[in-house]
Each structure stands twice: as C-alpha cells, then as structure tokens.
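Scroll down for the structure; my scribbles are underneath it.
In what follows, every chain begins at residue 1, and chains take the letters A, B, ... in the order their sequences are listed. Just so it is clear, the model here is predicted, and its values are computed rather than measured.
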Amino acid sequence: MSFDNAYDAITDASDDKHWAFGTGFDDPLSGVDRAVPAGVSTADLTAYCLMLADDALVLSQRLTEWCSRAPELEEDVALANIALDLLGQARLLLTRAGEVEGRGRDEDALAYLRDEHEFRNVRLVEIDCGPGPGGDFAVTIARLLVFSTWRLAVFERLVASKDPVLAAIAAKGVKELAYHRDHAAQWTLRLAGGTEFSRERMVAGMARVWPLYDELFTTHEVERSLPDVAVPPSDVRAEVDEVLDQVFTAAALDRPDVAPMSAVAGKSGRDGVHTEAMGFLLAEMQHLARSLPGAKW
Amino acid sequence: MTRSSWPLYEVFVRSKRGLNHVHVGSLHAPDPEMALRNARDLYTRRNEGVSIWVVPAASITASSPDEKDPFFAPAGDKVYRHPTFYAIPEDVPHL
C-alpha cells in the first residue's frame with residue numbers, strides 16, 4: 001500500500017489499528033501457486049531450496065553474534081536488521097524445501113534437526129569473522145559485501161524461475177539484498193578510506209574471505225539438473241566481478257591475490273563438506289531446540 | 001587506541017499518513033550518508049516511513065529554556081488570536 005498524495009493517506013479509513021506502528025504489511029507469498037511445476041524433480045528442487053536457505057540461515061546466525069557487540073549502537077541495529085532479513089529468506093526457503101520434500105519436515109525440523117553434513121551452504125557464510133578472536137568488523141563487512149553482491153545477482157535472475165514460489169521469494173529478497181550490499185559497500189569505502197589502521201583491517205578482511213570466493217561460482221549438479229528453475233552461479237560471475245571491482249576502485253583497494261581454499265576430494269559446502277567452524281556454529285544454533293524437543297517459546 | 005565519538009544527527013521521518021516530516025529522535029553517524037542509513041534501520045523498521053531527513057544536531061539553533069517566559073508567555077492571554085468564535089460545520093472532517 002502506498003500513497004502518492006499525503007491527503008489520501010490521511011483519509012484512508014481501512015486500517016486505523018496500527019496507526020502508531022506502521023501499516024500496510026503484506027505477505028510476499030500470498031496468492032502464489034505452491035504446486036511443484038511439471039517436469040521438475042522434487043528431490044532436486046528440495047536440495048536447491050536447502051542450498052539457498054542454508055546460505056541465508058548460517059550467515060544470519062553469524063551476523064546475530066554481533067548483537068550487543070558491534071562498534072556502535074546504530075551499527076548493532078543495522079547488522080541485526082540484516083540478520084533478520086536473511087532469517088526471513090531462510091524461513092520461506094526451508095518451508096518450501098520441506099513442502100516439496102513431502103516428508104512432513106517443517107522449517108524448524110530442517111533448521112534444528114539436521115546434522116552438519118546435511119547443510120548445503122557455501123563455506124563463505126560459516127567461517128568465524130568475529131566478534132572475538134575469529135575476526136573483526138572489517139572481515140564481517142568484507143564477507144557481507146561479497147555475499148550480498150553474489151546473492152543479489154543470483155536472486156535477480158531467480159525472479160524469472162519456473163517455480164513460482166522461488167520467484168516470489170527472490171522478488172522479496174532482491175530489495176533486501178540490494179540494501180545489504182549498499183550497507184557493506186558504504187562501510188568498505190569508509191574503512192578503506194579512513195585511518196591507516198582501518199584501511200589495514202579492511203585489506204586484511206578482504207584477503208581473509210577471498211579464498212572462499214571461487215566456490216560461490218561453482219555450479220552444482222543439482223543446479224544443472226534444474227534448467228529454468230535454478231540459477232547456475234557460474235552465470236553471475238562476470239557481473240559479481242564487475243560490481244566488486246567498482247567498489248575496489250572507489251575504495252582504492254586491490255583485488256586480493258590469494259589462492260582459493262581447496263575442496264575436499266572435489267566436495268565442498270554444497271555437498272555438505274564444511275570447515276571446522278561449522279560444527280561449533282551448529283552446536284550453538286541447535287543446542288536449545290535439541291535439548292528441549294518440541295519446546296515452544 | 002583513543003576513540004572519538006561520531007557527531008549527532010537529528011532524524012525527521014514523514015510517515016505514509018503524514019503531511020510533514022516529524023522529529024522522531026537522534027542518532028550518531030560518521031557522516032550524513034551513513035546517518036541516513038542508520039535512520040532507516042533505527043526509525044523505519046516497522047514500515048513507518050516514506051521519507052527521511054537527517055540534520056546535524058549542531059546545525060540546529062534552539063530557543064533556550066531561560067528565555068521561555070519572554071518567548072512564549074505573552075501569547076498565553078491573547079485569546080483573540082485563536083479562531084474559537086466560529087461555529088464548526090458538522091460535515092467538515094479533519095478540521
């Protein structure tokens with residue numbers, strides 16, 4: 001709901017209930033056909049939804065770790081907002097995965113009751129970028145810049161997916177990711193152009209996340225077997241490279257020159273093969289739900 | 001490392017139903033561009049706004065509490081400045 005003319009807004013009598021708290025909330029998936037499109041493998045579609053869901057869920061968990069520990073109060077809220085946007089994407093995608101799978105697993109079962117090897121996220125989102133000894137604010141921003149640029153490019157194409165649910169989730173996500181990318185780019189410019197110390201941290205932050213860059217563009221078998229439904233990430237490499245180069249140029253940074261982190265026997269995050277950090281992350285994320293099965297809060 | 005505080009900005013939001021920007025609070029930010037983004041995150045999370053202004057708090061000239069009486073008290077007894085002697089037609093809303 002939006003109004004071109006402020007007088008229209010004042011005289012709109014339809015929703016006085018939430019006057020003080022904002023109005024016009026809507027459900028991004030209302031009216032979307034939830035049937036699996038003809039000719040699409042449910043196993044592949046389930047796996048693809050899990051890939052996209054786990055990327056968002058795990059990064060959301062990582063960003064949440066900054067809650068109450070960001071350098072400034074305002075930034076604390078900004079990172080929490082971004083985490084919540086990603087959590088929202090994860091919930092819709094996990095729900096879709098469970099529904100297509102047809103084994104009665106809901107979003108909670110998929111988030112809390114799967115083990116590490118069943119998670120399909122890229123390794124970029126799971127590494128510990130701080131707060132704490134694992135990293136700092138600059139690494140967190142470097143990862144957010146790379147991740148949101150990549151995911152935005154994928155989602156912009158996913159809007160045309162043959163699966164109407166994925167298309168609707170992507171349409172909602174594009175606006176969120178565009179903001180995340182902007183936020184990360186703004187901070188990259190400021191840290192790189194700030195003090196000697198902040199620039200040093202920004203350069204180190206980019207170098208830290210860069211080994212996981214190539215993995216983002218490796219098209220998985222599942223993505224290959226879903227033509228017109230999935231977006232093969234190799235398609236977006238040129239665009240992501242170009243966007244990041246623009247930021248690097250504006251920030252007077254060099255594209256990091258570091259070797260990619262290798263896969264393990266040809267397998268990486270999308271195959272359920274993760275780094276050491278992943279087990280600790282899941283232990284924290286899943287502990288409560290597994291200790292008290294079926295608990296409501 | 002010494003740490004200097006970011007400057008303060010005052011935030012004004014125009015809501016969907018509002019005709020004008022209303023002061024909603026303040027925040028700290030390193031520069032105006034980031035202030036605008038911080039304002040988006042702090043003050044429009046619940047779908048409240050359609051437009052945001054941020055103003056450096058240092059640019060605002062405020063009346064002083066010490067001058068309250070000379071500034072405002074003289075208006076207190078000028079009842080003729082209020083249009084209270086007109087009958088308000090019943091079928092005119094939003095007056």
Should the pair E196(A)-R199(A) be classified as a salt bridge under the 4.0 Å nitrogen-to-oxygen rule?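 Salt bridge between E196(A) and R199(A), a charged N being under 4.0 Å from a carboxylate O: no.
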Is a salt bridge present between E176(A) and R151(A), judged by a nitrogen-to-oxygen distance below 4.0 Å?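 Salt bridge: no.
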Only one of L52(A), V165(A), L29(A) clears side chain to side chain contact (heavy atoms under 4.5 Å, CB included) with R96(A); which?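 With R96(A) as partner, L52(A), V165(A), L29(A) yield a single side chain to side chain contact (heavy atoms under 4.5 Å, CB included), made by V165(A).
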Quick one: which of L63(A), I127(A), L212(A) gives a side chain to side chain contact (heavy atoms under 4.5 Å, CB included) with R143(A)?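 Exactly one pass, corresponding to I127(A).
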For chain A, which residues from residues 27-36 of chain B have at least one heavy atom closer than 4.5 Å to it?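 Residues of residues 27-36 of chain B touching chain A at under 4.5 Å: L27(B), H28(B), P30(B), D31(B), E33(B), M34(B).
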Quick one: which residues of residues 66-74 of chain B reach chain A at under 4.5 angstrom, heavy atoms only?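 Residues of residues 66-74 of chain B touching chain A at under 4.5 Å: none.
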Taking the side chain from [X] and the backbone from [Y], do they hold a donor-acceptor pair closer than 3.5 Å?
| X | Y | value |
| --- | --- | --- |
| D76(A) | S68(A) | yes |
| Y9(B) | A39(B) | no |
| S26(B) | E10(B) | no |

Considering residues at least two apart in sequence or located in another chain, which fulfil the side-chain hydrogen bond (donor to acceptor under 3.5 Å, both in side chains) criterion with D41(B)?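 Partners of D41(B) by the side-chain hydrogen bond (donor to acceptor under 3.5 Å, both in side chains) criterion, ordered by chain and then number, come out as N81(A), Y179(A).
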Could you look at L73(A) and say if it's the side chain, the backbone, both or neither that has a heavy atom under 4.5 Å from chain B?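 Contact with chain B: none, neither part.
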Parallel, tilted or perpendicular for F12(B) and W53(B), by the 30°/60° rule?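 Taking W53(B) first and then F12(B), their aromatic rings sit tilted (interplane angle of 30° to 60°).
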Go through the structure and list residues passing side chain to side chain contact (heavy atoms under 4.5 Å, CB included) with R69(A), not counting sequence neighbours.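 Per chain and number, R69(A) pairs via side chain to side chain contact (heavy atoms under 4.5 Å, CB included) with P131(A).
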